[in-house]
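Atoms within each ligand, like the ligands themselves, are counted from 1 in listed order. Since we're looking at a predicted model, the values are computed, not measured.
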Amino acid sequence: MFNFVLLKLMIEKIDITHERAVLIGVITKSQDEDKSKEYLDELEFLTYTAGGEVLKRFTQKMDMPNPKTFIGKGKMEEVRQFIQDNDIGTAIFDDELSAAQERNISKILECKVLDRTNLILDIFAQRAQTSYARTQVELAQCEYLLPRLKGMWTHLERQKGGIGMRGPGETEIETDRRIVRDKIALLKDKIKTIDKQMAVQRGNRGKMVRVALVGYTNVGKSTLMNTISKSDVFAENKLFATLDTTVRKVVIQNLPFLLTDTVGFIRKLPTQLVDSFKSTLDEVREADLLLHVVDISHPNFEEHIDSVNKVLGEIGCADKETIMVFNKIDAYQPEPYDETDLEVERTEAHYSLQEWQKTWMNRVGNNALFISALNKQNMKEFKKRVYDEVREIHVTRFPYNHFLYPDYDEEE
Ligand SMILES: Nc1nc2c(ncn2[C@@H]2O[C@H](COP(=O)(O)OP(=O)(O)OP(=O)(O)O)[C@@H](O)[C@H]2O)c(=O)[nH]1
Ligand SMILES: [Mg+2]
């Protein structure tokens, strides 16, 4: 009996054990050691979100990735040895691999080989809740798969499952291109139908002012949504907690508007995903005002802003009225700087919040706000700014009820 319980415990333990993985990245002229580390940190977070555990990272300095195997021969042997000695199931590359590279590498390493795109698609597949989100992910997976069908993973047991093998697209992998193409057409039709229904729904919301929260993944959009709308949107410290947009009616000082929480962006967001999520992003496109939320406590936040702006550009929202919301000020910590140490140059990493506010952040003028959604710091200032902006849009749209909305009253 005891043994049986022990065995059951062991089995259950195995069930919850994370898939063992190694990460592989490169250091190039345009991507120095620090950058490479930051990218691998993010890749590790993605792996963890997908249900994996990273046992080791490998990096190689190179001018150009090897067209056949991405990294060089010697490094590959090092990786292979580690994988063999440590019972590793998955090798994850930070950059997108071509079909040929993927094939060559998995032959050498004899394990599952994934790239950043696979990982992101897999997380989306795991997290898609509604049939609409699932359809969009499935479409993205099919689009990713199509050019890679030939010989993909055929020498591996596909039934093993796990990261990269999950989700709606998995049964198509061994079938031929035509079937996948038909499937793509079908999914597009399905999305079109839902799009029409959603456009009608959006139309029914009337002319109310619409505000959308946008930003990099995990910056606190849903937390901010919960704070201001007193709603209960799912937020957690993993990437892509939100896939479906949520719309809430918010009232600040009698002034009603609609607030939308959206899917987070990420560096190198797979183009297939941007495309298939275009309609989810309609909410962003049709918004009157964007709140671009930034995690200022993240060492890479400036690059995050660039990534988000890039996606906003791709969906035609570059010039939209935007308030920059720098969140997580409670967690912001500049690197300590020793003035007597002449070796270390003072950089942005040492800036205090006040110093940051004097940089380019100053140029976005009163468009920049500094808050903590979690600790509810500076929420009054935030609400006033949003109120003023929404009122401005509102009174242009409904000039006759201008008088209804006086200046923001601090004593709310
Ligand atoms: N320290 C601190 N943590 C915060 C703050 N706001 C949010 N967080 C935390 O950051 C994590 C991510 O928050 P979410 O609200 O899920 O972020 P999101 O932008 O909606 O993320 P995705 O939906 O994944 O794109 C959670 O663990 C939050 O508790 C803040 O002001 N300060
Ligand atoms: Mg969210």
Polar proximity ligand 1 side, Val219 side, N/O cut 3.5 Å exclusive: yes
Working to the nearest 0.5 angstrom, can you tell me the gap between Ile27 CD1 and Met62 CE? 11.0 Å
is_close_aromatic(Tyr216, Phe265), centroid dist under 6.0 Å: no
Measuring from atom 9 (C) of ligand 1, which candidate in Lys376, Met225, Lys328 has the nearest non-hydrogen atom? Lys328
For Asn378, all residues meeting side chain to side chain donor-acceptor pair (under 3.5 Å), sequence neighbours excluded: none
Looking only at distance, does Ser372 have an N or O less than 3.5 Å from an N or O of ligand 1? yes
Would you say the side-chain atoms of Ser36 pair up with the backbone N or O of Asp32, donor to acceptor, closer than 3.5 Å? no
List ligand 1 atoms under 4.0 Å from Ala373, heavy atoms only on the residue side. 31 (O)
Which of the atoms in ligand 1, numbered in the order shown and given with their element, are less than 4.0 Å from a heavy-atom of Ala331? 1 (N)
Apply the side chain to side chain contact (heavy atoms under 4.5 Å, CB included) test between His292 and each candidate in Asn309, Val325, Val219, Leu213; give the one that qualifies. Asn309
With sequence neighbours excluded, what pairs up with Glu302 under the side chain to side chain donor-acceptor pair (under 3.5 Å) test? Trp360
Contact atoms of ligand 1, heavy-atom distance to Gly264 under 4.0 Å: 25 (O)
Using a 3.5 Å cut-off on N or O atoms only, is Lys221 in polar contact with ligand 1? yes
Measure Asp330 to ligand 1 on non-hydrogen atoms and call it side chain, backbone, both or neither using the 4.0 Å cut-off. side chain
So for ligand 1, is Thr262 a polar contact partner (N or O within less than 3.5 Å, distance only)? no
Check each of Arg57, Lys37, Lys56 against Glu44 using the salt bridge (charged side-chain N to carboxylate O under 4.0 Å, His left out) test, and report the only one that passes. Arg57
N, O or S atom of Ser222 closer to the Mg ion (ligand 2) than 2.8 Å: yes
Have a look at Leu258 and tell me which of Val211, Val390, Val247 forms a side chain to side chain contact (heavy atoms under 4.5 Å, CB included) with it. Val247
For atom 30 (C) of ligand 1, which of the options Leu374, Asp295, Thr217, Asn226 provides the nearest non-hydrogen atom? Leu374
